[in-house]
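Computation of the quantities below employed the complete heavy-atom set of this structure, encompassing side-chain atoms and omitting hydrogens, waters and symmetry-equivalent molecules. Just so it is clear, the structure is predicted and the values come from calculations on it, not from any experiment.
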Amino acid sequence: MADKGTKGLSVSKSNFSEWYSEVIQKAGLADLRYNVKGFLVFQPWSVMAMENMYSIFEANLRKKGHMPYWFPTVIPEGNLTRESEHIKGFTPEVFWVTHGGNKEFEERLALRPTSETAFYQMFALWLRSYKDLPFKTYQRANVFRHETKATRPFLRSREFHWIETHCLHANLSDAEKQVEEDMQTTEEVLHDSFGLPFIFFQRPAWDKFPGADKTFAADVLNPDGKVVQQPSTHLISQSFLKGFGVSFKDKDGKDKVPYSTCYGPAISRIFASVIIVHGDDKGLRMPWSIAPYQIVIVPIKQEEKLMKKAHELAKELGDYRVHIDDSENSVGEKFNTWELKGVPLRIDLGERELKEGKVIVFRRDSNVKEIVLISELGKYIAKVVKTFDANLIKQADKVFDDRIKQASDMNKLKEVIESGSIAKCGFCSVDKSGEKCAEKIEKEVGAKVRGTRFDEKQKVSGKCVVCGDKAKEVVYVAREY
């Protein structure tokens with residue numbers, strides 16, 4: 001992939017909005033000039049990174065028994081209308097296909113906003129016996145939603161790239177175990193591989209996925225104090241499955257309706273958080289696990305002996321994703337380019353160092369240069385592999401943990417939110433009876449109740465931060481995209 005040299009960024013990450021836009025443009029992640037609003041052209045650097053992200057996620061799902069499917073992009077309108085809450089929740093966002101050539105269809109087709117109604121139609125044909133359960137599927141797909149809010153590349157688009165799992169279970173207990181497994185997958189991939197700290201919440205009753213009994217979702221924090229919802233997992237209402245006639249014969253010979261779960265990690269949106277959480281004033285900092293190039297070798301001059309050595313090193317490091325920058329850009333432009341793109345390691349190959357049997361290695365996690373003997377380079381990089389992502393994770397976790405703050409009343413809540421943090425506070429109820437208090441927070445503070453933390457038991461004391469009634473829950477409040 002040919003790269004034009006760059007002079008780096010002109011804005012600091014402290015100016016988050018401009019920084020984010022400039023990183024996307026200068027790092028060659030996406031071109032926004034496609035002439036349909038809300039749709040963007042993904043460029044090679046983002047595509048290669050997201051392909052690696054897909055591979056990691058899919059390997060994790062396959063290891064846990066999910067099997068891959070490819071479903072059609074279009075869904076008949078009749079499928080969507082079989083579950084009233086689902087269609088009510090998605091109708092404003094649906095793209096409709098009404099014609100084939102010049103002929104109008106008798107029934108409109110939806111570009112899938114999500115695929116429950118497609119999977120469940122087929123589940124009704126495939127599921128027969130309790131012996132078929134659990135039935136664990138997933139697909140890698142594009143979904144389409146006519147987003148009416150302001151679009152933002154990767155963060156909020158009208159087409160996004162994701163994985164969705166749809167699973168059937170014999171009983172509620174098994175379905176709940178699947179929800180917990182989905183959360184574990186998020187921890188193993190989102191945090192341990194991509195380095196993104198998050199909190200997994202059970203969403204309030206008024207903020208559930210359309211058609212779900214319960215919704216759980218991971219929130220990642222941005223520098224501007226807004227959270228991004230990342231993978232969510234849902235315990236789907238049995239009425240949804242009944243609408244499609246999904247049933248099975250249990251051990252007692254009786255027909256029963258299974259329980260269903262779905263899980264949706266949006267790879268393009270997760271990539272936005274990778275950009276945002278790890279990036280700095282120089283640009284991207286790509287985790288080792290997903291970087292398109294893990295190592296870039298930069299010969300300081302276009303001389304035969306340096307180029308020959310560069311190719312020798314690339315061959316020796318063939319277990320990694322290695323690229324040689326043999327472009328005609330200046331050395332400064334090359335350095336800026338690869339720092340902007342966030343390549344984990346850059347090996348600078350100069351005449352003097354080569355004579356001494358050395359190279360200069362630049363680490364993007366710490367922005368530090370080290371002189372390494374060529375004879376020790378393999379061992380050095382093996383150590384980097386073990387520490388690079390761990391360093392990014394440690395840095396990101398520290399920032400995240402420091403920005404969760406207690407709020408005891410509305411004034412303190414406003415103060416915490418205005419400081420760009422997540423507020424933790426007492427709350428009256430996360431069922432429908434607490435919705436009015438949540439609406440007051442949204443109106444007066446400009447933030448939303450994200451839910452209760454799923455991964456730990458919270459000691460509840462004090463009063464609701466809004467109405468003053470005895471608190472029944474500990475909730476977290478934040479602004480969102």
Side-chain angles (χ1 to χ4, degrees), residues 1-9 13 23 26-29 43-46 48-49 52 195 274-275 278-303 305-392 395:
M1 181 180 67
D3 278 287
K4 293 181 179 179
T6 177
K7 294 181 179 179
L9 300 179
K13 193 180 178 183
V23 165
K26 287 195 170 182
L29 303 180
Q43 294 178 283
W45 199 246
S46 64
M48 290 190 292
N52 294 332
V274 170
I275 297 169
H278 298 310
D280 62 13
D281 288 353
K282 293 183 176 184
L284 305 174
R285 292 194 303 164
M286 299 292 281
W288 186 271
S289 59
I290 64 174
Y293 302 149
Q294 294 164 323
I295 302 168
V296 167
I297 301 173
V298 178
I300 300 302
K301 295 181 180 179
Q302 294 272 17
E303 293 187 359
K305 59 184 176 181
L306 292 179
M307 296 304 300
K308 181 181 178 182
K309 189 62 180 180
H311 284 278
E312 288 177 2
L313 289 177
K315 187 175 181 180
E316 290 171 11
L317 300 173
D319 290 340
Y320 308 111
R321 296 188 287 273
V322 181
H323 174 73
I324 299 172
D325 187 345
D326 57 0
S327 69
E328 295 183 0
N329 297 323
S330 70
V331 172
E333 287 175 329
K334 291 179 181 182
F335 289 174
N336 284 333
T337 294
W338 301 116
E339 288 174 27
L340 175 60
K341 287 179 175 290
V343 171
L345 284 186
R346 189 185 72 235
I347 298 174
D348 303 337
L349 196 57
E351 287 183 287
R352 186 179 65 185
E353 289 79 18
L354 185 58
K355 287 179 181 177
E356 297 173 354
K358 300 174 182 177
V359 291
I360 297 173
V361 181
F362 176 77
R363 289 183 60 147
R364 190 65 177 91
D365 58 336
S366 58
N367 290 323
V368 169
K369 287 184 178 181
E370 298 180 74
I371 297 175
V372 180
L373 290 171
I374 293 175
S375 60
E376 297 292 322
L377 187 59
K379 291 181 181 178
Y380 173 87
I381 293 174
K383 290 181 180 178
V384 170
V385 173
K386 294 178 180 178
T387 61
F388 191 92
D389 286 355
N391 285 345
L392 291 183
Q395 294 167 26

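Atom CD of Glu351 and atom CD1 of Ile300 lie 10.0 Å apart (nearest 0.5 Å). Residue Lys358 holds its NZ atom at 6.0 Å from CD1 of Ile371, rounded to the nearest 0.5 Å. Note that the CZ atom of Phe335 and the CG atom of Asp325 stand 9.5 Å from one another [nearest 0.5 Å]. Atom CD1 of residue Ile347 and atom NZ of residue Lys309 lie 11.0 Å apart, to the nearest 0.5 angstrom. For the atom pair Ile324 CD1 and Leu313 CG, the distance stands at 8.5 Å (nearest 0.5 Å).
Residues passing the ring pair (Phe, Tyr, Trp, His ring centres under 6.0 Å) test with Phe362, sequence neighbours excluded: none. With sequence neighbours excluded, no residue forms a salt bridge (Lys or Arg N to Asp or Glu O under 4.0 Å) with Glu316.
Between Tyr380 and Glu370 there is a side-chain heavy-atom pair separated by less than 4.5 Å. Taking the side chain as every heavy atom from C-beta outward, Pro292 and Met286 approach each other to under 4.5 Å. Under the 4.5 Å side-chain criterion, counting only non-hydrogen atoms from C-beta, Ile295 is in contact with Trp288. By the 4.5 Å heavy-atom criterion applied to side chains, Val361 and Val384 are not counted as neighbours. Residues Thr337 and Val296 have side chains not in contact (no heavy-atom distance under 4.5 Å, counting atoms from C-beta outward). At least one side-chain heavy atom of Leu9 sits under 4.5 Å from a side-chain heavy atom of Leu340. Under the 4.5 Å side-chain criterion, counting only non-hydrogen atoms from C-beta, Glu353 is not in contact with Leu349. Leu345 has its side chain out of reach of Tyr320: every pair of non-hydrogen atoms, C-beta onward, lies at least 4.5 Å apart.
Nearest heavy atoms, Pro287 versus Leu392: CA-CD1, 3.8 Å.
The closest donor-acceptor contact from the side chain of Arg321 to the backbone of Gln294 lies at 3.5 Å or more, if one exists at all. The main-chain N or O of Ser327 is found under 3.5 Å from a side-chain atom of Gln302 such that the two form a donor-acceptor pair. At distances below 3.5 Å, not a single donor-acceptor pair connects side-chain atoms of Lys369 with backbone N or O atoms of Ile360. In this structure, the side chain of Lys341 engages the main chain of Ala27 through a donor-acceptor pair within 3.5 Å. Looking at Asp348, its side chain never comes within 3.5 Å of a backbone N or O of Val298 through a donor-acceptor pair.
A salt bridge does not link Lys315 to Glu312: none of the charged side-chain nitrogens sits closer than 4.0 Å to a carboxylate oxygen. For Asp280 and Arg364, the salt-bridge test passes: some basic side-chain N is under 4.0 Å from an acidic carboxylate O. With respect to the salt-bridge test (charged N to carboxylate O, under 4.0 angstrom), the residues Arg363 and Asp365 qualify.
Using cut-offs of 30° and 60° on the angle between ring planes, the pair Trp45 and Tyr293 is perpendicular.
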Run Leu354 and Ile374 through side-chain contact (heavy atoms from CB on, under 4.5 Å) and show every step you take.
CA-CA 8 Å; Leu354 185 58; Ile374 293 175; 3.9 Å; yes
Report the C-alpha distance between Arg346 and Glu339 in whole Å, list the side-chain angles of each, state the deciding distance to 0.1 Å, and finish with yes or no for side-chain contact (heavy atoms from CB on, under 4.5 Å).
CA-CA 9 Å; Arg346 189 185 72 235; Glu339 288 174 27; 3.0 Å; yes
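Other residues, nucleotides and ligands contribute at most 12 non-hydrogen atoms within 6.0 Å of the CD atom of Glu328. Shown here is Leu373, whose CG atom has more than 12 heavy atoms of other residues, nucleotides or ligands within 6.0 Å.
Within the structure, no pair that satisfies the salt bridge (charged side-chain N to carboxylate O under 4.0 Å, His left out) test touches residues 377-392, not counting sequence neighbours.
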